[in-house]
Amino acid sequence: MMRVVTSPLAAFVDALPVPRRLIAAEHGGRLTVPIRAGAHRFHRDLPEARIWGFGGTVPGPTVEAERGQPVTVEWRNELDGTLPVLVTIAPEAADADGVPVQCMPGLSGGTSDEQAAALAGHTVVHLHGGLTPASYDGWAEDLFAPGQHAVFHYPMEQRAALLWYHDHVMGVTKYDVYAGLAGLWIIRDERERELGLPEGPPFELPLLLQDRNFDLDEEGRLDGQLVHKTDPEVMEAFAPFTTVNGKVWPMLDVQPASYRLRVINGSNARTYRLVLLRDRAPELDRISQIGTDHGLLRSPVSVPPEGLVLASAERADLLVDFSDLEPGSELTLLNTAPAPFDGSPFAAADASDAADLDGLLPYPQVMRFRVLQDQVTRRKIPHQLATDYRSPTPEALAGAPRRAIALVERELDDAPNMLTMRELEIVPDDHTGPLLTLTEGDQTTRYHVVASHFEDATTFFPMLSEHEVWQLINLTDDTHPIHLHLDPFQILSRRPIRHEILQDGTGDFDLAASITLERDPDDQLDHAIDDNERGLKDTIRVNPHEIVELAVRFTTYAGRYMYHCHILEHEDRDMMRPFVTMPADLMPFMA
Ligand SMILES: [Cu+2]
C-alpha cells in the first residue's frame with residue numbers, strides 16, 4: 001500500500017517571488033552586497049524564520065552582468081548572531097509509525113547541535129560557473145569574519161549563462177547555504193540578443209529550487225525556523241518542503257505566451273527530476289531546453305522523456321510554451337526523484353503518484369502555473385543557438401593528460417560515513433601494496449591512491465590551454481554531481497562498470513578494488529548521455545556503476561582551485577580536492 005503523509009502546509013497559495021535584480025551596468029560595474037542576518041517567511045502560513053542572506057534576503061539579489069564588462073563586488077560580512085539553523089542528527093531513521101524522520105518537520109527527538117549553534121558567521125563567496133582569477137574564486141579556507149569585507153573582481157570574459165553565488169566555507173557550506181547564503185548571477189551577451197530571447201520579467205524568470213525543513217513549537221505547530229536534520233542512516237539532509245525563490249510550492253500566473261525559465265537546483269543534496277503535468281498527464285512537449293550550465297546549447301533539445309534531471313548546482317535554460325492554453329488552465333511542476341538519488345528510472349506518466357516516503361519524497365510538488373486571460377503571444381524557437389563550441393576532436397585529445405578519480409564511500413562506526421575523491425596514479429607491474437585495477441577487454445591498468453582527503457598534497461597541475469581527460473569512477477551506490485571550478489567541460493562518455501571492493505579494501509587513504517568496463521547484471525541504469533548534457537557543463541552527474549569521462553581545458557587563470565561533489569554534505573565531509581593550473585612556461589620549474 002502506498003503510504004502518504006498529510007502536508008501541514010497548503011500548496012500553491014504564495015505567489016512566486018522574483019528576486020530583486022541588481023543590474024551591474026546601472027552601478028558602473030561596482031556593486032556592494034552586504035551579507036546580513038534577516039527574517040524570511042517561507043510560506044504564507046509560517047511565522048518568519050531567522051535567515052542569513054546576501055542583502056539580508058532569501059535568495060539574494062540576482063546580479064545581471066554583460067559579457068566583457070567586469071564586475072567588482074564588495075562582499076561585506078555584516079553577519080551578527082549565530083547560525084540561524086537548528087542542526088540535528090535524529091536518533092532514529094524512522095518514527096514509531098515507520099515514517100522516515102527526514103519526511104517530517106521538527107527535530108524528531110534529536111538535540112540541537114551545539115557546535116553548529118555556535119557558528120558565528122565566517123564566510124567566503126564563490127561565484128559558481130565564473131571564469132574567475134583564483135584570488136577571487138572563494139577558496140574554502142580564505143574566510144572573512146563578521147566585520148571583514150572582501151572586494152572580488154569578476155572579469156566576465158565568458159559566454160552568457162546562469163551562474164550562482166554562494167557561501168563555500170570549509171566544512172560548513174551545508175549550513176551556510178541552507179541558512180540562505182545563495183543568489184543568482186546572469187551573464188548576458190550579444191548572441192542571446194540576436195536570437196531575441198526574453199530578458200527580464202515577465203517572460204524571463206529564474207527558478208531557484210531548494211528543499212527546506214522547519215521546526216515545531218511546543219504545540220506541534222510549524223514555527224518556521226530552519227532545521228537541517230539528518231539521521232543515523234542518511235548523512236545528507238533531504239528536507240520535505242521544496243521552495244522556489246524562497247517560497248514553499250509557489251504559484252505563478254502566466255500569460256498565454258512562451259516563458260524563459262532559468263532553472264537551478266540550489267538544494268544541499270536533493271536531485272530533482274521535473275515533470276510538467278496538466279490534469280495528471282505529463283506535458284513535457286511544452287518545454288524546449290536551450291541552455292545548460294554554461295549557456296546556450298547548439299540547438300534546442302527536448303527534455304528527457306522521464307523528466308528534466310537536475311542534481312545540486314545543475315542549471316537548465318527552458319522555453320515553456322503556454323500560448324495554446326485556455327484561461328484558467330493549470331500546470332503543475334512535480335519532482336519524481338527519490339532521495340538519495342541513484343539514477344533509477346521513473347515514468348513521467350506516473351508522476352502524480354511520485355510521493356515516496358522511503359524515497360524521502362513525501363511531497364513531490366514544486367510549483368504551479370495558472371494561465372491568465374490575456375493576449376496570446378507565440379514565439380518561434382530558433383533552430384540554431386550556440387555556434388561557438390564543438391566537441392573536442394580525437395586529435396585534440398590524443399596526447400591529452402588523463403586523470404583518474406575514484407569516488408569512494410567509507411562506512412564508519414561512530415560517525416557519519418566519509419566520502420572521498422581518491423586521486424589515482426598508474427603504477428608499474430612490480431608495485432606492491434593496495435591496488436585499484438581497471439580492466440577493459442584484455443587491457444588492465446593498475447593504479448594506486450596518491451591523494452584522498454582535501455588536505456593531502458596537490459597532485460593535479462593542469463597546464464593552461466592544454467586539453468585534459470578526467471575519468472570519474474563511481475564506486476558508491478548514489479549519484480554524485482561533480483563540479484569543477486574555473487572552465488567548463490564537455491562530457492565524452494558515460495559507461496557502465498562492474499566493481500568489487502576487495503576485503504578491507506577501503507582504507508582511510510588506500511583502496512583495493514577491481515573494476516571492469518562492463519555492465520553489472522543487476523544494473524538497471526542505461527548510462528546514456530542526455531541530449532541536454534552535450535553542452536558546456538560545470539557539474540556532471542556520475543551515477544552508480546558508472547565511469548564518466550570528460551574533456552576540460554583550463555584557459556585563462558593560473559592558480560589554486562577546487563573540484564568537488566556538489567552535494568554539500570559530501571563536499572563538507574571531504575569530497576573535495578584542490579588542483580593548480582599552471583602556465584606552460586613555468587611547468588619546467590615546478591619541483
Ligand atoms: Cu557526492
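Atoms within a ligand are numbered from 1 in the order they appear, just like the ligands themselves.
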For [X] and [Y], which I'm curious about, is there any donor-acceptor pair between the side chains at under 3.5 Å?
X: Asp137; Y: His485; value: yes
X: His483; Y: Glu314; value: no
X: His570; Y: Asp574; value: no

Legend entry - Asp293 side-chain N/O to Arg315 backbone N/O, donor-acceptor pair under 3.5 Å: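 Yes; judged by distance alone, with no hydrogens or angles, the pair exists.
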
Inset, instruction - Verify, without hydrogens or angle tests, whether Asp211 (side chain) and Ala239 (backbone) share a donor-acceptor contact under 3.5 angstrom. - result: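 Checking the backbone N and O of Ala239 against the side chain of Asp211, a donor-acceptor pair under 3.5 Å is found.
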
Legend entry - CA sep, side-chain torsions, deciding dist, call: Glu518, Arg495, salt bridge (charged side-chain N to carboxylate O under 4.0 Å, His left out): CA-CA 8 Å; Glu518 62 186 29; Arg495 290 181 291 172; over 6 Å; no

Legend entry - Sub-2.8 Å protein N, O or S atoms surrounding the Cu ion (ligand 1):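 Near the Cu ion (ligand 1), below 2.8 Å, one finds His480 ND1, Cys565 SG, His570 ND1.
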
